[in-house]
Structure formats: structure tokens, C-alpha cells
Amino acid sequence: MERRIALVDVNNFYVSCERVFRPDLEGRPIVVLSNNDGCVVARSAEVKALGVPMGLPWFQMKDLVREHQILAFSSNYTLYGDLSSRVMAVLGQFAPDQEIYSIDESFLDFTPQPQLDLTATGQAIRHRVKQWVGVPVSVGIGSTTTLPKLANHIAKKQPGWNGVCDLGTLTRKNIDDLLARIEVREVWGVGRKTAMKLAAQGIVTVADLKTADPRRIGERYSVVMERTVRELRGESCIDLEEDAPPRQQIIASRSFGAPVWTEAELAESLRAYKGRAAEKLRHQHSVAGRVGIWLETNRHGLQDAQYHPSATLPLPAPSDDTAKLTQAAIAALRQIYKDGFRYTKAGVMLLELGDRGVEQGQLFGEHLNAGDPARTALMDTLDRVNAKWGKGTLGISSAELQQPRRWAMKHGTMTPAYTTRWSELAIVSEGVKAYKKASAMT
DNA sequence: TCTGGGGTCCTAGGACCC
DNA sequence: TCTGGGGTCCTAGGACCC
């Protein structure tokens with residue numbers, strides 16, 4: 001039976017989230033910035049029209065900002081995460097099977113409902129998400145996992161589709177004509193490097209790639225690319241995953257707000273990052289067998305002496321205890337830290353993740369903290385407090401409370417946690433005030 | 001100076017995604 | 001002066017073994 005897969009995604013997701021509580025921003029050029037207000041991670045249509053590329057460093061667009069009165073917002077992941085779950089919940093009402101693919105994208109599987117008019121359903125989805133959550137979405141439909149991504153692209157970029165494109169309603173020739181007008185770079189799995197290699201081979205449009213020999217492509221590129229070509233031809237190779245498998249690794253890293261020189265400050269940042277990573281670990285009920293850390297100097301400033309060390313250490317026994325994980329991270333830092341470098345970023349990794357409760361017992365030495373109810377209760381309290389009062393409220397080590405935290409992240413223009421804190425709930429009459437304040441910040 | 005072949009496992013790095 | 005963060009998968013190459 002022919003599959004019928006829809007891909008729904010939110011247009012300019014972070015920008016659209018900011019607009020939900022600031023309708024005065026509709027039609028104005030706005031961007032959302034990465035952590036540390038470093039570079040552009042989301043652009044409104046007005047900003048895209050100005051030719052601002054994704055990832056442009058914020059300081060490089062100051063002239064453009066002045067000239068076009070572009071408004072900028074620090075990223076507010078609490079808000080985006082909350083609106084994302086609301087969108088996903090609404091989408092889940094429309095189809096029996098759903099794969100949440102990213103913070104702003106979801107696949108819906110309509111294969112079990114072959115009679116359903118999917119163009120009409122797509123419009124119903126758009127209407128309901130806009131009305132219930134307040135953000136605009138686009139819908140693409142096709143017979144494999146790769147095709148709805150392209151259909152979605154068509155729905156967004158080519159006029160006349162009104163935000164919904166179902167390839168299932170088109171003739172083969174129709175589809176091929178559409179694909180001949182899309183650059184191969186738009187295909188899921190074709191990145192910058194592969195696109196360049198393909199271009200050298202004369203494969204420029206999606207239609208070119210579709211007509212290439214999958215086996216040859218597989219030999220020259222990879223098995224992944226071969227599957228992609230087959231999917232373009234309508235042969236289903238990539239399944240949807242309804243139950244997200246637990247993560248195989250957990251990372252927490254940050255660029256520093258200001259460069260850091262000392263081991264003590266690096267250790268302090270690693271403690272904070274490890275606390276966050278361990279929280280994620282406990283959230284998915286896993287334990288880690290190995291801990292890794294890395295340091296970075298400024299890769300962009302080549303006048304700086306460069307040093308990018310990393311180290312990983314095994315734990316005596318798999319654990320989810322912040323204190324034990326942190327201890328290993330600090331030991332790893334001791335191994336690689338060198339004096340005299342201007343460090344700009346650090347990160348921690350949790351590796352060799354396993355299910356809590358099924359790991360091998362240790363014959364000698366330490367047992368897992370899961371056997372220690374007091375320890376487990378402490379970790380649980382830690383997670384609850386931080387969930388309620390904000391990240392970093394409660395930590396394992398007093399070192400986290402040292403001041404000033406020069407390494408701490410910059411976020412100059414963050415909007416309130418409108419939906420997750422009573423104290424920051426939007427107040428209608430305050431809208432004008434907020435508007436003026438944000439305008440002044442550019 | 002000459003210097004096998006095949007298999008497995010692990011790691012680092014690349015490419016990609018959002 | 002100021003350039004994000006968190007993931008996955010695949011491949012090549014080295015170490016090691018027989």
C-alpha cells in the first residue's frame with residue numbers, strides 16, 4: 001500500500017513564537033539570536049528578503065539593523081519548548097501515528113486513512129494550530145519520508161499552494177516539473193559539501209538526483225545517499241520512529257560570555273554544565289559509563305594561540321549522580337588544562353549510556369547510586385527545584401555560587417517566560433510598554 | 001634490503017540535521 | 001570587541017590478533 005506521510009513544520013519557528021505575545025511585531029523585520037547573542041538563528045520573512053543568511057554573526061549586521069530597524073531577541077528556549085509541545089499536541093489529534101522530528105517539525109502518518117482528503121486536512125491543521133497556539137505552519141505530503149520534506153518546501157516557497165502541498169494529488173510529470181525547479185541542496189541529507197560534489201557531476205536539481213543511478217550514487221557517496229535517491233523515486237527506505245529511542249550521548253556546552261584563563265573558572269563552568277547534562281540523563285532514566293570534556297580557544301581569532309584538547313574518563317561504575325559525574329569531569333580537566341590560553345568555550349559529554357537498573361553489578365568497588373535511596377532522593381529534589389525555579393537555582397557544589405561568573409552567558413534582549421511562569425504572564429495593557437522597551441534595545 | 005593477509009574493534013573526524 | 005548548541009550516522013584508518 002502506498003504510504004501517505006505528512007510533514008508539518010512551523011514557519012520561522014522562534015520568530016513566530018516571539019510574535020505570539022507581541023502581535024505588534026507582525027510584518028516587522030525581526031531575528032532571534034543564538035546563545036550569547038552570537039549569531040542569527042531565526043529570521044522573519046522580512047529579514048530573509050534582505051538577504052541575511054542563517055548563522056550570520058550579529059555584530060556583522062549592525063549597519064543593516066540600523067538601516068532597516070531590525071528587532072533582535074535573545075533566544076528564549078523555555079518559551080519555544082513550551083509552544084513546541086502545544087503545537088505537537090494539536091498535530092497529534094489529526095493522525096494515529098506521529099513522529100516528532102525536531103522542536104518545530106512533526107511527521108504524521110495517514111497511511112491507515114486512504115480515503116482522507118489530505119489537502120483539506122492540511123488546511124484544517126493550519127487553521128487549528130494558528131487558532132489554538134498562534135503560530136503559522138506549512139504542510140507537505142508524499143509517499144516516503146524524504147518526499148514530504150520537499151513537498152513542504154514547495155508549499156512554502158512556490159506561490160499558489162496556500163501552505164499545503166500533497167504530491168499524491170499530482171501527476172508524475174507534474175511532480176518532475178516541480179522537482180526540476182528545486183536545487184538539490186534542499187533534499188534531506190544533501191548538505192553543502194555533497195551538493196558541491198554533485199554539482200561537479202552535473203547533478204544540480206532534485207530531478208537530476210532522482211534520475212541518477214542509486215547504486216552508482218551509493219558507491220561514490222554513501223549508503224545514506226543511495227537510500228535518499230531511492231526515496232525520491234518513491235521507494236520507501238526510511239521508517240518513521242514513533243517512540244523516540246533514548247539518547248546515546250548527552251552534551252552540554254557553552255561559549256563563555258567573556259574569555260576565561262584559569263583552571264578554577266573552567267572547573268566552575270564544567271560543574272554547571274555537568275549539572276545540566278546529569279539532569280537530562282536522569283530525565284531519560286539512564287546512567288553514564290564514561291564522562292568526556294573538551295575546551296576550546298577562539299577558532300575565529302587565528303592570532304590567538306590555539307588549543308583544543310579533550311579527554312574522556314571511565315567511571316568506576318555507571319552512575320547518574322551529579323557529584324560523581326562532576327568529579328570525573330574535574331579529573332579530566334586536570335589532565336588537559338594548560339596555563340596561558342584564552343579559553344572561549346567548554347563542554348561536557350556523557351557517554352556509554354545505559355538503562356538505569358539493568359547494568360551489570362560490580363564485583364568490587366562502588367555500586368551504583370540507585371541502591372542508595374538518600375542519594376536518589378537528593379538528585380530528585382535537585383531536578384524538581386531547578387525545574388520549578390529555573391536552571392542553576394540549586395547546585396551540588398558551592399563553587400557554583402562564586403561571583404562574578406565571567407563565563408556566564410550573555411542574553412541582552414530576552415522576552416519573558418510568558419507561558420511557564422505566573423509572574424511573567426503577558427498583561428494586555430503592558431503590550432505598548434514592552435514594545436517601546438524592545439524598540440529601544442536595538 | 002627484503003617485509004602476508006584477513007578479520008575485528010575502536011576512535012577520530014566528517015557530514016549532516018535542526 | 002563581539003562568530004550557537006545538541007544530536008545522529010558513516011567511514012577511514014590504526015591497533016591488534018592469528
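In what follows, every heavy atom counts, from backbone to side chain, and hydrogens, waters and symmetry copies are set aside.
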Measure from the side chain of [X], starting at C-beta and using heavy atoms only, and say which of [options] lies closest.
X         : options                  : value
Lys193(A) : dG6(C), dA15(B), dC10(C) : dA15(B)
Trp188(A) : dG5(C), dC18(B), dT3(C)  : dC18(B)
Ser222(A) : dC2(C), dT11(C), dG4(C)  : dT11(C)
Lys345(A) : dT1(C), dG4(C), dG5(C)   : dG5(C)
Asn35(A)  : dG5(C), dG7(C), dC10(C)  : dG5(C)
Lys149(A) : dT3(C), dC18(B), dG5(C)  : dC18(B)

Sugar-phosphate only, base, or nothing, as touched by [X] at under 4.0 Å among non-hydrogen atoms:
X         : value
Lys197(A) : nothing
Arg247(A) : sugar-phosphate
Lys280(A) : sugar-phosphate
Gln249(A) : base
Thr194(A) : sugar-phosphate
Val32(A)  : nothing
Arg290(A) : nothing
Asp104(A) : sugar-phosphate
Ile250(A) : sugar-phosphate
Phe13(A)  : nothing

What is the separation between atom [atom1] on [X] and atom [atom2] on [N], rounded to the nearest whole Å?
X         : N       : atom1 : atom2 : result
His411(A) : dG5(C)  : NE2   : P     : 12 Å
Ile251(A) : dC17(B) : CD1   : P     : 18 Å
Tyr273(A) : dG4(C)  : OH    : P     : 13 Å
Glu226(A) : dA15(B) : CD    : C1'   : 18 Å
Glu186(A) : dC18(B) : CD    : P     : 10 Å
Gln248(A) : dG6(C)  : CD    : C1'   : 14 Å
Gln60(A)  : dC2(C)  : CD    : P     : 12 Å
Met414(A) : dG4(C)  : CE    : P     : 18 Å

Are [X] and [N] close enough that a side-chain N or O sits under 4.0 Å from OP1 or OP2?
X         : N       : result
Ser255(A) : dG5(C)  : yes
Arg276(A) : dG5(C)  : no
Arg192(A) : dG14(B) : no

message: If the threshold is 4.0 Å, N to carboxylate O, is there a salt bridge linking Glu46(A) and Arg19(A)?
response: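 A salt bridge is present here (some side-chain N lies under 4.0 Å from a carboxylate O).
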query: Does a salt bridge link Arg299(A) with Glu296(A), judged by any charged N lying under 4.0 Å from a carboxylate O?
result: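 Salt bridge between Arg299(A) and Glu296(A), a charged N being under 4.0 Å from a carboxylate O: yes.
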Base-pairing assignment for dG7(C) (Watson-Crick or G-U wobble, both under 3.5 Å):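 Here dG7(C) is engaged in a pair, and the nucleotide opposite it is dC16(B).
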task: Name the residue closer to the 5' end of DNA chain C, choosing between Pro246(A) and Met54(A) according to the nucleotide with the nearest heavy atom.
output: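 The residue closer to the strand's 5' end, by nearest nucleotide, is Met54(A).
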Comparing Gly55(A) and Val223(A) on DNA chain C - which has the more 5′ nearest nucleotide: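 Per heavy-atom nearest nucleotide, the more 5' residue is Gly55(A).
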task: Give the ring-plane orientation class for Tyr273(A) versus Trp407(A), where under 30° counts as parallel, over 60° as perpendicular and anything between as tilted.
output: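 Correct class here is perpendicular.
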field: Name of the residue among Asp37(A), Thr415(A), Asn36(A) meeting side-chain hydrogen bond (donor to acceptor under 3.5 Å, both in side chains) with Ser74(A)
entry: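 That would be Asp37(A); it is the only one of Asp37(A), Thr415(A), Asn36(A) passing the side-chain hydrogen bond (donor to acceptor under 3.5 Å, both in side chains) with Ser74(A).
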- prompt: In terms of heavy-atom contacts, does CD of Gln306(A) have more than 12 from other residues, nucleotides or ligands at under 6.0 Å?
  reply: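 For Gln306(A), atom CD is crowded (more than 12 foreign heavy atoms under 6.0 Å).
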Within 6.0 Å of CZ in Arg216(A), more than 12 heavy atoms from elsewhere: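 At most 12 heavy atoms, drawn from other residues, nucleotides or ligands, come within 6.0 Å of this atom.
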query: Under 3.5 Å, is there a donor-acceptor pair linking the side chains of Lys345(A) and Asn298(A)?
result: no
